[in-house]
Amino acid sequence: MTTTAPLDPLPAPRRARASIALVFAVHGAVTGTFVSRIPWIQHRLDLSPGQLGLALVMPAVGSFLAMPLASRFVHRYGGRAAVRGLISLWCLALALPALAPSLPVLCAALFVYGATSGMSDVAMNAQGVEIEERLGRSIMSGLHGMWSAGGLLASGFGILAAHLDLDARLQLAVTTLVLLALAQAVCRGLPDLRAPEEAEAPPRFALPPRSSLVIGLVGFCAVFAEGASMDWSGVYLRDVTGASATVAAVSYSAFALTMAVSRLAGDAVIRRLGAVRATRLGGATATAGGVLVVLADEPALAIPGFALIGVGIAVIVPLAFAAAGRSGPNPSQAIAGVATVTYTSGLIAPAVVGGLAQATSLTVSFVLVTALALALVPSAGALRRSERNAPDGPSSGVSAPAGNDLSTL
């Protein structure tokens with residue numbers, strides 16, 4: 001067993017937790033705002049489905065390439081400054097896609113959008129893990145719940161703007177300014193957590209460390225089920241179960257709401273059961289949901305199935321990030337590695353499901369989704385380091401200097 005020095009406590013724990021929760025909400029709000037105006041961008045540039053699909057791959061590419069760079073920012077500038085700077089760039093990137101005059105420019109804008117998204121995602125998750133460690137209780141699931149809630153709220157405003165036929169360039173510009181101002185305000189409450197002076201700086205770019213690969217594969221299975229369900233649930237309800245267009249259209253919002261509620265309530269479950277048992281229970285629940293979806297021949301069976309998938313996988317990614325943050329001496333680098341592996345799943349899931357459905361059927365595609373959900377049950381032990389008191393879970397390597405007031409503005 002490795003013996004480590006206790007971490008410095010947070011002098012203002014409530015403020016730190018509230019601040020990082022709002023950072024997650026702002027990040028989710030940027031995503032929700034953009035997604036709600038994709039149809040406007042497609043119509044303005046007269047993009048075919050194939051051209052739009054190409055453009056929408058670019059955020060994932062930008063995020064995949066940029067995430068490993070985030071740990072360098074965190075090490076050099078400290079957690080609070082890194083989160084503030086990167087989330088600000090992410091907010092500013094929101095305005096770019098609607099201004100693009102052509103497909104190549106749109107692809108470039110979405111590459112930047114994805115790069116800033118990935119780096120800010122890593123920085124805020126690293127900060128969340130550090131705050132969780134010092135609070136001594138699970139908060140990561142709730143933080144990701146705030147991300148989902150921010151996305152749902154922002155997408156609601158986006159839908160309203162689309163209904164009122166507002167120009168997306170104006171809406172995204174105004175939203176950018178509002179979210180940028182909010183980000184600056186909430187980041188003031190973050191603790192200024194820094195690496196020890198003797199800590200070695202992470203490389204400018206590095207492949208995911210080995211310690212994060214197994215953890216990342218657990219997240220990979222969960223995100224594959226999430227991406228497949230979010231992108232294909234409406235099509236599944238319409239084509240396989242014969243649901244009406246209205247019922248099919250509501251499926252995404254219902255799934256996203258289920259995820260948000262489950263994540264907000266997930267910390268209580270994690271505290272009671274522990275990370276490993278919570279993951280196994282979640283995997284079993286998601287598997288049961290997948291079985292319902294595969295067997296469904298009517299919406300009344302498929303809708304609860306998708307809901308169970310959402311409930312089952314809701315806490316897996318937050319637990320994966322928490323485990324990564326405690327898996328080595330550099331939390332942000334390990335989290336970047338897990339994020340790289342995990343979010344690759346979100347990139348390929350829609351394509352794999354679509355390709356398999358083209359070759360066989362959409363039902364067979366969800367047999368694969370169900371199998372990956374089932375894989376969460378035996379692989380849950382990889383997330384043992386999400387548990388603060390796990391005997392093999394070293395504490396984070398980032399600590400504040402002794403006597404430093406972590407709540408200083």
Side-chain angles (χ1 to χ4, degrees), residues 18-45 47 52 55-63 66-67 69-70 73 77 80-125 127 143-144 146-190 256:
S19 295
I20 193 62
L22 289 173
V23 168
F24 272 75
V26 168
H27 196 284
V30 175
T31 301
T33 300
F34 168 69
V35 169
S36 67
R37 301 318 304 266
I38 289 176
W40 184 94
I41 295 171
Q42 180 184 21
H43 177 74
R44 175 174 179 260
L45 297 181
L47 302 177
L52 179 63
L56 293 180
V57 167
M58 298 311 294
V61 174
S63 184
M67 280 189 293
L69 303 173
F73 282 90
Y77 300 108
R80 181 171 63 193
V83 171
R84 176 187 288 164
L86 293 172
I87 197 74
S88 298
L89 291 176
W90 167 231
C91 291
L92 290 170
L94 173 62
L96 299 179
L99 300 175
S102 64
L103 177 60
V105 178
L106 176 63
C107 288
L110 290 178
F111 181 89
V112 174
Y113 173 89
T116 54
S117 170
M119 289 192 293
S120 56
D121 193 314
V122 170
M124 71 186 191
N125 273 284
Q127 188 84 341
L143 295 183
H144 283 255
M146 287 295 293
W147 187 95
S148 298
L152 281 172
L153 181 62
S155 66
F157 282 112
I159 292 170
L160 177 61
H163 178 72
L164 297 175
D165 200 25
L166 292 179
D167 189 306
R169 289 169 292 189
L170 175 61
Q171 183 216 341
L172 266 60
V174 172
T175 304
T176 292
L177 294 176
V178 171
L179 293 178
L180 181 61
L182 181 59
Q184 296 302 309
V186 301
C187 284
R188 294 192 184 101
L190 294 177

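Everything quoted here is computed from the prediction, not taken from an experiment.
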Check your understanding: Distance-only, no hydrogens or angles: does the Arg188 side chain make a donor-acceptor pair with backbone N or O of Ser19 under 3.5 Å?
Key -> no
Review point. Got a donor-acceptor contact below 3.5 angstrom from the Ser63 side chain to the Pro59 backbone?
Key: no
What heavy-atom pair brings [X] and [Y] nearest, and what distance separates the two atoms?
X	Y	answer
Met124	Phe24	O-CE1, 3.6 Å
Met119	Leu86	O-CD1, 3.6 Å
Ile41	Pro97	CD1-CB, 3.9 Å
Asp121	Asn125	OD1-ND2, 2.6 Å
Ser155	Ser36	O-CB, 3.9 Å
Arg84	Cys187	CA-SG, 3.7 Å

**Study point:** Separation of Ile87 CD1 from Leu22 CG (nearest 0.5 Å)
**Key:** 11.5 Å
Check your understanding: Does Tyr113 have any ring-ring contact (aromatic ring centres under 6.0 Å, His included) partners at least two apart in sequence or in another chain, and if so, which?
Key -> Phe34, Trp90
Exercise for review: Just do the side chain to side chain contact (heavy atoms under 4.5 Å, CB included) check on Leu190 and Ile20 with the steps written out, would you?
Suggested key: CA-CA 7 Å; Leu190 294 177; Ile20 193 62; 4.0 Å; yes
Return all side-chain donor-acceptor pairs below 3.5 angstrom for residues 166-182, not counting sequence neighbours, or 'none' if the list is empty.
unit_1	atom_1	unit_2	atom_2	d
Asp167	OD1	Arg169	N	2.7
Asp167	OD1	Arg169	NE	3.1
Asp167	OD2	Arg169	NE	3.4
Asp167	OD2	Arg169	NH2	2.8
Gln171	OE1	Arg37	NH1	2.5
Thr175	OG1	Gln171	O	2.7
Thr176	OG1	Cys91	O	3.4
Thr176	OG1	Leu172	O	2.7

Point to revise | side-chain contact (heavy atoms from CB on, under 4.5 Å), paired with Leu45, selected from Val105, Leu52, Leu106 | key: Leu106
